[in-house]
Amino acid sequence: MALSTELATDFAALAAKYPERRAALIPALHRLQAMRDGWLSPESIEDCAEWFELEPVEVYAVASFYPMFHLAPVGEHVVGVCRNIACHLRGAGRVLAEVENATGAKAGSTSENGRFTVETLECQGACTAAPMIVVDGEYIENIDPAGVGEILGGLE
Amino acid sequence: MSGHETYLLDRTRTAASHTLEVYRASGGYQTIERVLKQPITPLEIIDEMKASGLRGRGGAGFPTGLKWSFMPDRATDQRPRYMAVNADESEPGTCKDRVLMEEDPHGLLEGCLIAAWAMGLEGVYIYIRGEYLECHRRMQGALDEARAAGLVGSDILGSGFSCEINVHPGAGAYICGEETGLMESLEGKRGPPRPKPPFPAGFGLWGNPTTVNNVESIFNVPFIIERGAEWFKNIGVDTSPGNFLCGISGHVEKPGVYELPLGLSAKTIVEEFAGGVWQGRQLKAWIPGGSSTGFVAGSLIDTPMDHNSIKAIGSMFGTGAMVILDETACIVEASLVLARFYEHESCGQCSQCREGTQWLTQILARLESGAGTLEDVDMLEHIAGGMTPGKTICALSDAAAIPLQVALSHFRGEFEAHAGAGCCPVTDQSKVPVTDQSEVKAQP
């Protein structure tokens with residue numbers, strides 16, 4: 001698979017912000033991941049490398065350094081649960097248990113029906129609204145563990 | 001303490017405060033206009049910033065004006081120069097820059113423009129942590145508005161001065177909040193920090209002179225230039241002037257981001273602003289300024305929140321992000337939460353940090369489960385001592401070790417009570433001989 005014209009245009013627009021093309025690599029990987037089912041496949045890494053005139057392994061080295069890039073397939077929805085100090089103190093453990101219960105997926109895995117990937121997160125900068133979860137990139141703050149099932153059940 | 005002078009969050013109380021229209025209605029962009037048209041010379045601005053005594057709000061507390069003055073002289077160094085605004089807010093407990101970017105993005109942009117004029121910058125990159133999608137959207141929206149209004153780009157407001165500003169997303173790595181890790185990341189690479197020297201002012205982005213400043217630091221700039229260093233110095237304390245954004249979280253009734261003068265006592269902040277310890281419980285411990293500053297005994301809550309006062313009790317002011325722990329919290333468990341974080345975020349290039357953070361996590365997990373020994377407590381101290389101070393390329397190793405050292409010095413009895421207990425004696429039974437807090441002394 002090669003980059004679509006749309007993605008190549010996006011990459012060019014990103015690269016125009018910097019004196020060196022490579023600086024656009026991380027924004028480009030975000031864009032690529034968003035356009036291709038929420039993860040970076042080996043083919044995506046190769047496509048990206050070709051556009052940036054890098055070796056695939058160089059792109060892989062970058063992608064693998066950053067927790068927001070998924071290098072394996074994910075479910076239709078990615079649910080992250082912050083477990084760092086402020087959320088920990090305000091019930092993150094119960095929130096995670098409810099998320100695992102509602103999705104049927106343990107942290108670090110995808111549910112059998114492919115609907116949810118559950119992951120634990122380190123501090124997301126929402127400490128004054130703890131506990132919190134992140135669903136498909138959007139923050140849900142001040143979450144009540146009892147309301148987790150309803151929130152996740154209501155997703156399309 | 002109420003009715004103190006505020007300025008940082010004033011505009012955020014207006015509806016649609018993130019728009020150019022509302023920002024302009026409150027006098028926004030008039031300072032940069034005056035700077036460019038009068039003009040106020042770059043040297044005058046740097047001198048005013050130095051005179052203000054503003055200390056960087058990203059954690060280290062380094063004087064912002066002094067940092068700016070490190071940029072090489074344009075007459076002898078023709079290289080392009082840049083500023084990276086550190087918006088990678090990732091220090092656990094810290095969520096203040098987010099408020100500024102979401103609610104008052106033009107305020108940050110005006111600060112960037114004044115900084116750009118003062119240091120003769122070609123470009124500014126606002127490096128926003130990848131998870132802060134709303135910040136990214138708001139900053140990009142503000143940037144588009146400002147560009148369309150001739151406030152960003154070439155020949156700003158017809159002055160002949162040009163500067164590009166762009167936003168750049170991170171991707172979830174805490175280490176990229178370290179200034180040289182941030183620059184590596186901005187260049188499209190993995191984020192292990194660079195050895196210093198060379199310092200960013202001499203060799204920064206793409207090998208060019210660069211300054212890296214925190215969001216809240218830059219946000220203060222238009223106020224200081226508009227109202228003067230003398231005005232600024234009248235707020236806060238002599239050694240730490242100004243207001244700061246205090247994010248207070250954990251076991252309090254009203255967690256939130258409050259704008260407060262530096263030097264206000266932590267006790268006042270907890271009781272008068274955050275509504276006190278929640279559920280009528282007693283205070284056990286508190287983190288003064290983000291996870292790296294450690295768990296300080298509750299008996300020291302009278303300490304003023306400013307850089308020198310917090311340093312005097314053996315901790316650090318850090319990002320001013322207070323986390324409150326009530327009497328039911330387990331310090332060993334809380335230490336494990338932080339150790340696990342630093343293990344996850346270590347970039348791995350220095351062995352003390354890569355191995356040390358893993359060992360700390362393993363030993364703390366063993367202790368918390370009740371399967372540890374008294375030797376484990378000594379071992380924690382030994383390992384932490386091997387990780388700090390200044391033994392690694394960057395300060396992440398120190399950031400992992402110091403909070404544990406602080407916790408051990410204030411709560412050693414609680415760590416020892418876990419040894420051989422078979423379970424966590426705090427969260428399981430709340431029966432543990434905690435350190436007598438009246439005996440806790442400030443640590444050197």
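These values consider heavy atoms only, across backbone and side chains, with no hydrogens, waters or symmetry-generated copies. Predicted model only: the values in this text are computed from it and were never measured. Each chain gets a letter, A, B and so on, in the order the sequences are listed, and its residues count up from 1.
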Contact origin within [X] toward chain A - heavy atom pairs under 4.5 Å:
{"X": "A334(B)", "value": "both"}
{"X": "S90(B)", "value": "backbone"}
{"X": "Y132(B)", "value": "both"}
{"X": "R340(B)", "value": "both"}
{"X": "E131(B)", "value": "both"}
{"X": "I248(B)", "value": "backbone"}
{"X": "P80(B)", "value": "neither"}
{"X": "F295(B)", "value": "side chain"}
{"X": "V257(B)", "value": "both"}
{"X": "I324(B)", "value": "backbone"}
{"X": "E345(B)", "value": "side chain"}

From [X] [atom1] over to [Y] [atom2], what is the distance, rounded to the nearest 0.5 angstrom?
{"X": "R98(B)", "Y": "R138(B)", "atom1": "CZ", "atom2": "CZ", "value": "11.0 Å"}
{"X": "L336(B)", "Y": "F341(B)", "atom1": "CG", "atom2": "CZ", "value": "14.0 Å"}
{"X": "L143(B)", "Y": "H136(B)", "atom1": "CG", "atom2": "NE2", "value": "9.5 Å"}

Which heavy atom in S292(B) sits nearest to a heavy atom in Y342(B), and how many Å separate them? OG-OH, 2.8 Å
For E102(B) and C135(B), which heavy atoms make the closest approach, and how far apart are they?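 Taking every non-hydrogen atom into account, CG-SG, 3.7 Å.
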Is any side-chain heavy atom of C48(A) closer than 4.5 Å to one of L29(A)?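 With C-beta onward as the side chain, the pair touches.
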Any side-chain heavy atom of Y66(A) within less than 4.5 Å of one from C176(B)?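 They are in side-chain contact.
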For T319(B) and E91(B), test the side chains for any donor-to-acceptor distance below 3.5 angstrom and give the result as yes or no.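 The criterion, which ignores hydrogens and geometry beyond distance, is not satisfied for E91(B) and T319(B).
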Does a donor on one side chain and an acceptor on the other come within less than 3.5 Å for S162(B) and S154(B)?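 No donor-acceptor contact under 3.5 Å links the two side chains.
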Who among L121(A), V59(A), I26(A) has the most heavy-atom pairs with chain B under 4.5 Å?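 Among the listed options, the one with the most contacts to chain B is I26(A).
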Only pairs of heavy atoms separated by less than 4.5 Å count here; which of H30(A), R21(A), E58(A) has the most with chain B?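 Ranked by contacts with chain B, first place is H30(A).
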Does NZ or CZ of R22(A) fall inside the cone over W206(B)'s six-membered ring, less than 6.0 Å from its centre and within 45° of the axis? no
Let's test your reading of the structure: which of [options] forms the most heavy-atom pairs below 4.5 Å with chain A?
{"options": "E89(B), H251(B), E134(B), K254(B)", "result": "H251(B)"}
{"options": "A329(B), G348(B), G191(B)", "result": "G191(B)"}
{"options": "G123(B), P192(B), G256(B)", "result": "G256(B)"}
{"options": "P255(B), G172(B), A171(B)", "result": "A171(B)"}

Quick one: do R129(B) and D97(B) make a salt bridge, cutoff under 4.0 Å?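 The answer is no: the pair does not qualify as a salt bridge.
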So which part of Y139(A) gets closer than 4.5 Å to some heavy atom of chain B, the side chain, the backbone, both or neither? side chain
Using non-hydrogen atoms only, which part of A126(A) is less than 4.5 Å away from chain B: side chain, backbone, both, or neither?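 The answer is both parts of A126(A).
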Assess whether salt bridge (charged side-chain N to carboxylate O under 4.0 Å, His left out) is satisfied between E259(B) and K96(B), documenting all intermediate values. CA-CA 10 Å; E259(B) 179 183 352; K96(B) 62 184 180 72; over 6 Å; no
Give the intermediate values and the outcome of side-chain contact (heavy atoms from CB on, under 4.5 Å) for residues V332(B) and L364(B). CA-CA 7 Å; V332(B) 177; L364(B) 283 165; 4.3 Å; yes
Please confirm whether the ring centroid of H168(B) lies under 6.0 Å from the ring centroid of Y127(B). yes
Evaluate the salt bridge (charged side-chain N to carboxylate O under 4.0 Å, His left out) criterion for residues E253(B) and R281(B): first the C-alpha distance (whole Å), next the side-chain angles of each, then the deciding distance (0.1 Å), finally the verdict. CA-CA 11 Å; E253(B) 289 290 349; R281(B) 292 185 190 155; over 6 Å; no
Are there residues of residues 78-92 of chain A whose heavy atoms fall under 4.5 Å of chain B's heavy atoms? If so, which? R83(A), N84(A), I85(A), A86(A), H88(A), L89(A), R90(A)
